Student: 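A single structure is presented below for examination.
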Amino acid sequence: MAEIRVLPENLANRIAAGEVVERPASVVKELVENSLDAGASRIEVILHDGGRKLIEVRDDGAGMSQEDVVLAVQRFATSKIAEEHDLDAITTMGFRGEALPSIGAVSQLKITTRRHNDAEGTALLIAGGEITDLRGVGCAPGTTVQVANLFYNTPARRKFLGTTATERGHCLDWVSRLALAHSEVACQVTHNDTVLLSTPGAGDLRSTLAVVYGSDTARHLLAVSLEAEGLDIHGFVAAPRITRATRRHQLFFVNRRFVRSRMLSHALSEAFGMLLPAGKQPVSVVFLDLDPLRVDPNVHPTKIEVRFNNSGEVHSLLQQAVEAALADAGHRSLSLPAAQRGTDLPAGRFAPPGFDHAGQVKRLRVNPFFDQIDNRDEGLEIHATPADLAEPIPPPSVDDSIPSLTVGEVNVLGQLNATYLIVQYGQDLLLVDQHRAAERVIFDRLASQPRRLARQLLAVPTTLELAPEEAAAVENYGELLREAGFELEAFGGSSYILRSVPAQLTQASPQGVVQGIIAELARWETSGEMASRREAMLATVACHAAVKAGQRLSAEEMQQLIADLLQAQTPAVCPHGDPVIVTMEAGQITRKFRRG
């Protein structure tokens with residue numbers, strides 16, 4: 001076993017840098033947060049090569065003295081906390097005291113700063129964690145931080161960075177979030193001398209949202225507002241017609257700090273209820289302001305997750321606030337069918353004292369984030385029924401291989417829940433997922449075509465407003481999109497014009513479908529879902545072109561879908577690897593009815 005030894009300071013600094021500086025966006029986030037804490041009214045971010053060659057952040061904030069700027073690049077030096085109990089009431093953006101020394105350990109760092117009342121400023125240079133120059137200079141009030149050649153002394157870290165478009169998108173994403181959290185601060189992002197983002201800094205959140213998400217989305221935003229028990233909830237949710245395929249467009253800010261929260265996303269989805277189409281997520285920018293003592297921001301190293309003292313209460317209040325916003329706009333959310341509600345109480349609220357067992361079940365189903373069962377539920381028990389004690393029946397089997405069938409050997413009996421086709425094959429019963437079956441059929445047709453698919457021009461080109469990571473995906477996979485039949489043209493900022501789509505996409509309005517495909521492309525960088533990018537694209541197109549679960553089909557349509565499925569080489573599995581057919585054998589049905 002090797003001897004234990006204390007690491008040299010320069011090596012310890014590089015390890016610490018790995019915890020703070022993951023990619024250029026990490027640097028941008030830390031520096032912009034420092035500018036916000038310094039009281040800046042204007043922040044400019046300048047990027048070159050996605051932040052690899054240069055990240056420069058300028059602000060007109062308070063600035064630092066020469067003594068302070070030297071301390072700022074020392075480990076564990078901070079102006080944000082002084083005593084242990086300060087950690088329990090953090091109100092600033094940054095407080096780790098690790099950002100500047102960690103950035104300086106893996107880059108060539110220059111800080112130029114001057115306080116507003118000082119006659120002279122200070123310039124400090126660091127290379128590889130060592131101060132190489134410190135001098136007085138003439139400069140404007142505020143602070144400018146230049147980070148050049150990030151990871152120049154750790155080539156392994158640099159090798160694993162994404163493309164320029166990807167890194168640019170991550171940087172723009174973080175500045176957009178911080179600009180939304182501080183709409184009173186004007187923020188500008190320039191990449192390779194092109195302005196990508198410029199917010200007005202007028203203190204109007206809706207105006208900032210129009211810059212970040214586009215004017216069309218901003219027009220369909222509904223104001224959310226609720227104050228209760230020391231919690232102030234405010235912000236916007238988009239009307240139900242504006243949805244996305246993922247939750248990346250759900251932004252939550254706790255005391256102005258961006259966080260990710262499964263609990264808050266669940267509350268949002270419950271508020272929309274049946275207003276949401278299947279597989280779609282609402283768009284939101286919601287702020288929660290509360291006593292810092294009621295929230296713990298230290299449960300994640302990057303401070304992107306938080307823990308509330310009473311998550312169930314926060315869940316219910318957010319759900320009620322969003323439900324009220326939807327109701328005011330004429331959208332009635334149906335979280336539960338009327339027959340199951342049994343009360344006029346909004347979903348998520350506790351029922352009055354003495355409510356029956358069904359009330360407990362409803363409360364826990366609608367809001368699973370209550371830390372414990374309410375005291376009104378004490379003594380309630382759930383008793384097993386005779387059905388629960390019955391002898392278990394083996395579950396239906398999922399087929400991984402289907403014998404060669406012909407149309408004449410199968411009989412399509414009908415449709416179950418507008419989602420599954422009921423098919424008789426000999427004496428067995430098949431349940432066929434109609435969406436996955438159509439996926440398989442369309443995918444096989446696309447895969448058999450030449451490399452560049454047939455496309456159809458749109459009579460009226462459509463404008464798409466894309467998030468930074470989605471715009472990066474369009475640039476990274478532009479050739480793949482063109483081969484699949486999509487023609488997208490940059491239209492300034494985050495806007496793109498859609499001029500054509502694959503011929504298989506027959507929807508009258510393909511905008512939502514294309515945005516869903518682009519959102520999936522944006523996840524490819526980290527998820528690595530399929531080895532072949534072309535096959536992955538074809539599978540995505542097939543998914544969006546296929547009939548959907550919940551779509552009613554005529555007898556002729558069902559019969560044709562089964563006939564087409566039987567011609568596929570692998571009819572039992574969809575292009576994403578999910579089962580298409582579930583079989584219940586005749587013997588299994590006999591046992592279910594306890595015959596013989």
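None of the values given here were measured: they were computed from a predicted structure.
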Student: Look at Glu470 together with Arg248 and state whether they make a salt bridge at an N to O cut-off of under 4.0 Å.
Tutor: no
Student: Mind checking side-chain hydrogen bond (donor to acceptor under 3.5 Å, both in side chains) for Arg482 and listing every partner two or more places apart, or none if nothing turns up?
Tutor: Glu479
Student: By side-chain hydrogen bond (donor to acceptor under 3.5 Å, both in side chains), which residues pair with Glu56, not counting sequence neighbours?
Tutor: Arg58, Gln146
Student: Nearest heavy-atom pair of Ser35 and Val57: which atoms, and what distance?
Tutor: OG-CG1, 3.8 Å
Student: Suppose we screen for side chain to side chain contact (heavy atoms under 4.5 Å, CB included). Which residues come up paired with Ala62, at least two apart in sequence or across chains?
Tutor: none
Student: Can you name the side chain to side chain contact (heavy atoms under 4.5 Å, CB included) partners of Val211, sequence neighbours left out?
Tutor: Leu197, Thr199, Pro200
Student: Charged N to carboxylate O under 4.0 angstrom, Glu305 versus Arg260?
Tutor: no
Student: I'd like to know if the side chain of Thr166 pairs up with that of Asn476 as donor and acceptor (distance under 3.5 Å, no hydrogens or angles considered).
Tutor: yes
Student: How far apart are the closest heavy atoms of Pro461 and Ile497, and which atoms are they?
Tutor: CB-CG2, 3.7 Å
Student: If you measure only the distance, is there a donor-acceptor pair under 3.5 Å linking the side chains of Glu22 and His170?
Tutor: no
Student: For Pro24, give me all partners under side chain to side chain contact (heavy atoms under 4.5 Å, CB included), at least two apart in sequence or on another chain.
Tutor: Ile55, Leu150, Leu161, Glu167, Cys171
Student: Any donor-acceptor pair under 3.5 Å linking the side-chain atoms of Thr208 with those of Ser183?
Tutor: no
Student: So which heavy atom on Pro468 is nearest to which on Gly169, and how close?
Tutor: CB-O, 3.2 Å
Student: Are the ring centres of His191 and His48 closer than 6.0 Å?
Tutor: no
Student: Please tabulate, for the side chains in residues 280-289, all donor-acceptor contacts under 3.5 angstrom to protein atoms that are two or more places apart in sequence or on a different chain.
Tutor:
| unit_1 | atom_1 | unit_2 | atom_2 | d |
| --- | --- | --- | --- | --- |
| Gln281 | OE1 | Arg247 | NE | 3.4 |
| Gln281 | OE1 | Gln250 | NE2 | 3.4 |

Student: Have a look at Asn149 and tell me which of Arg158, Gln108, Arg52 forms a side chain to side chain donor-acceptor pair (under 3.5 Å) with it.
Tutor: Gln108
Student: Got a second to check how far Phe236's CZ is from Thr217's OG1, nearest 0.5 Å?
Tutor: 13.0 Å
Student: Between Glu184 and Arg42, does any NZ, NE, NH1 or NH2 come within less than 4.0 Å of an OD or OE carboxylate oxygen?
Tutor: no
